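Below: the structure, in structure tokens.
In listed order, ligands and their atoms are each counted from 1. This one's a predicted model, so the numbers in the text were calculated from it and none came from an experiment. Along the sequence shown, residues are numbered consecutively beginning with 1.
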Amino acid sequence: MAAHHDVWQITIELLKKKIPILLQMDRKLSLLLVVCLLTGISATKYDEFTYNGFQRSELYLDGVAEITPNGLLILTNTTRNQQGHAFHKVPLHFKNTSEGNIYSFSTCFVFAILPEHPDVSGHGLAFVLSPTRGLPGAMPNQYLGLFNSANNGNSSNHVLAVELDTISNPEFGDIDSNHVGIDVNGLRSTDAAPASYFVEKIDKFKKLSLISGEPMQVWVDYSNPEKKLNVTISPISVPKPSHPLLSSFVNLSSVILETMYIGFSSSTGSILTSHYVLGWSFKMNGQAAALNLSSLPSLPLKKHRRNLSSLIIWLSLGVVVFITITACSIAYIIRRKARYAEVLEEWELENRTHRFSYKELFKATKGFPEKNLLGVGGFGRVYKGELPTSKTEIAVKRISHDSKQGMREFVGEIASNSQLRHRNLVQLLGYSRRKGEVLLVYEFMTNGSLDKFLYDANNPTTLGWSQRLKIIRGVASGLLYLHEEWEQIVVHRDIKASNVLLDSEMNGKLGDFGLSTLYDHGSDPQITRVVGTFGYIAPELTKTGRATTSTDVFAFGVFVLEVVCGRRPIVQQDSQDLHLVDWVWKSWRNGVILEVTDARLGGDYHLGEVEMILKIGLLCSHPVPAARPTMRQVMQFLNGDLSLPQMPKGGRGITISSPEHAEELEES
Ligand SMILES: *[C@@H]1O[C@H](CO)[C@@H](O)[C@H](O)[C@H]1NC(C)=O
Ligand SMILES: *[C@@H]1O[C@H](CO)[C@@H](O)[C@H](O)[C@H]1NC(C)=O
Ligand SMILES: *[C@@H]1O[C@H](CO)[C@@H](O)[C@H](O)[C@H]1NC(C)=O
Ligand SMILES: *[C@@H]1O[C@H](CO)[C@@H](O)[C@H](O)[C@H]1NC(C)=O
């Protein structure tokens with residue numbers, strides 16, 4: 001015992017001496033403890049958050065994303081080909097470290113998509129779980145700011161997204177241009193449904209338009225035990241519907257990492273659109289808190305919305321105003337009418353296509369002066385303009401059209417064409433009509449038409465091989481969409497270098513599709529004119545006068561050769577027409593195929609690729625229709641999914657100079 005006592009004594013003595021040091025240590029320890037506790041607390045704090053507006057939010061923004069002083073999160077702000085990201089600043093733990101189970105989670109947000117024009121918009125937005133903050137390397141446009149062409153669909157992405165997609169992209173198997181989809185590691189959705197919400201009263205889903213500009217609420221609930229991902233959407237005035245829009249089995253085990261960032265991603269295309277998020281809540285292992293809808297920030301005023309009912313209201317208002325003004329100053333009206341006179345018939349109200357007023361376009365182009373003339377085509381003159389309110393650059397094509405008959409079909413055609421949406425088609429934004437004239441409004445293409453690059457000696461820019469290949473691919477993909485991927489078959493009828501327009505990134509886009517039908521709706525239905533451009537017309541077309549997808553493929557073949565050779569389809573040589581197709585065939589037979597390539601390429605190209613493209617050009621421009629591939633096959637050749645058929649190297653001469661010749665071939 002005594003020994004024990006001594007030990008205590010010594011210890012106490014020691015303690016007395018060392019107490020200041022110990023005290024100091026204690027302070028450090030407790031500090032450490034406090035820090036530990038705090039971080040612990042903050043870690044749990046971050047597993048749940050609610051933002052009714054983003055004034056005091058902890059978001060990491062990139063791209064064109066910004067937060068306005070009143071707390072509105074703007075992912076994209078009427079910008080072209082841009083992306084915007086907003087991520088919760090700190091990563092969240094999505095897995096139970098000891099057992100490796102994924103946590104269930106739940107989120108809820110309010111968004112709005114406000115396009116510049118009521119019927120068309122950019123690409124949409126997505127709620128996203130990602131291993132990185134800001135998705136480096138992602139592309140805007142159809143990749144929604146999530147992926148790029150190389151990593152799309154790769155399981156090493158570890159990305160889960162719920163997309164609110166406003167463009168139908170056949171490349172990713174989109175179901176329509178207004179849908180909600182679940183994307184795992186790529187943009188080909190594992191599950192998707194047209195945007196709609198369940199209404200208990202009628203026991204049915206009711207459609208809603210994502211690009212209406214109205215705020216809408218989305219709930220994403222994942223339950224890990226069942227591996228069920230539910231997505232529910234509804235207008236902001238409607239509480240959470242009892243049935244989700246999507247309820248999908250998704251096994252996230254190999255997708256979700258220990259920690260993930262959560263946020264939003266959005267991209268615009270060539271059409272001005274703003275994407276907004278107004279509020280957002282999230283909770284790990286529980287139900288996300290409901291948003292306080294009345295305290296969400298307000299959206300900017302809509303500048304340019306015009307739906308059918310408001311159009312009618314405006315029209316009737318217009319009538320009242322018209323009567324009043326007539327009473328006041330008839331002379332003035334007559335003068336104005338002469339200048340801006342328009343024709344609007346009842347059936348036009350059925351079309352969803354945006355109708356511009358003539359006045360609007362007159363102002364946008366500053367009165368169609370010569371200096372704004374972009375070009376003169378077979379269908380009319382094209383002017384550059386800028387819509388005054390939105391500063392959107394546009395190209396306006398004026399087509400004179402005298403026949404009243406056929407106008408209805410033609411406008412119907414325009415309406416259906418304006419629903420066509422593909423990144424390799426020049427987007428039709430709307431139209432305007434007055435007596436004897438139709439005006440078509442297109443998105444403006446910065447780099448003009450391709451022929452200027454191929455043939456204009458004054459153009460300092462020479463297209464490199466990879467640029468030419470990209471343009472050919474683009475046009476092929478646009479044409480495939482017209483032929484096979486749209487609801488009905490659309491025959492372009494006038495494919496040629498001058499109808500391929502280039503955007504700011506030198507992507508090729510087909511223009512003028514369907515316009516040739518204008519001729520079919522001409523004043524005299526007895527006369528069927530052969531449409532198309534000399535040098536691109538398939539032999540059988542001159543006989544039958546019937547344009548088909550196969551005559552399109554022929555013209556595409558000529559176009560392809562044109563791009564590789566840098567030569568027009570027909571050149572005069574020794575007062576004779578020399579057909580490009582014949583010339584390439586000849587070089588092919590003589591085994592000097594590469595001699596035809598454009599000298600401006602300076603031999604800087606991939607031999608195998610050039611040979612493949614030339615072969616595709618020859619196959620497509622084959623005089624016998626049955627020998628031509630379909631555009632789907634062309635796409636497969638281009639992608640290397642289908643090998644090219646054997647070409648007859650020592651074969652007989654094939655010429656398209658006379659249709660009779662083709663007939664011979666057909667019969668032999
Ligand atoms: C966003 O849009 C508003 C309203 O049109 C404009 O005032 C603002 O400058 C835009 N911001 C950016 C970054 O473009
Ligand atoms: C997927 O990405 C990884 C890492 O970037 C890469 O090594 C792999 O080749 C990619 N897989 C495919 C099929 O592209
Ligand atoms: C998902 O929806 C189904 C069907 O309505 C429902 O039974 C299930 O509980 C929901 N799961 C979650 C996590 O909300
Ligand atoms: C989910 O995937 C993991 C691995 O990818 C697998 O081990 C597990 O069995 C899957 N679970 C279900 C329910 O399919």
Polar contact flag for Lys227 and ligand 4 (N/O pairs, less than 3.5 Å) = no

What atoms of ligand 3 come closer than 4.0 angstrom to any heavy atom of [X]?
| X | answer |
| --- | --- |
| Asp221 | 13 (C), 14 (O) |
| Pro244 | 2 (O), 5 (O) |
| Ser247 | 1 (C), 2 (O), 3 (C) |
| Ser223 | 13 (C) |

With sequence neighbours left out, what residues match Ser189 under side-chain contact (heavy atoms from CB on, under 4.5 Å)?
-> Glu163, Asp183, Ala192

Take atom CG in Asp604; do more than 12 heavy atoms of anything else shown fall under 6.0 Å from it?
-> no

Atom CD1 of Ile489 with >12 non-hydrogen neighbours under 6.0 angstrom = no

Examine the side chains of [X] and [Y] and answer whether a donor and an acceptor come within less than 3.5 Å of each other.
| X | Y | answer |
| --- | --- | --- |
| Thr259 | His93 | no |
| His123 | Ser267 | no |
| Arg473 | Asn639 | yes |

Side-chain contact, heavy-atom cut-off 4.5 Å: Ile613 with Val610?
-> no

Residue that, paired with Phe637, satisfies side chain to side chain contact (heavy atoms under 4.5 Å, CB included) out of Ser643, Cys620, Pro645 = Pro645

Counting from 1, what ligand 4 atoms have a heavy atom of Ser253 closer than 4.0 Å?
-> 1 (C), 2 (O), 3 (C)

Take the angle between the ring planes of Phe198 and Phe205 and call it parallel below 30°, perpendicular above 60°, tilted in between.
-> perpendicular

Check each N or O atom of ligand 2 against all protein N or O atoms and list the pairs under 3.5 Å, with atom names and distances to 0.1 Å, one per line.
from     : atom 1 : to     : atom 2 : distance (Å)
ligand 2 : 2 (O)  : Asn154 : ND2    : 2.3
ligand 2 : 2 (O)  : Ser156 : OG     : 3.0
ligand 2 : 11 (N) : Asn154 : ND2    : 2.9

Contact check: Ser242 vs ligand 3, nitrogen or oxygen atoms, below 3.5 angstrom | no

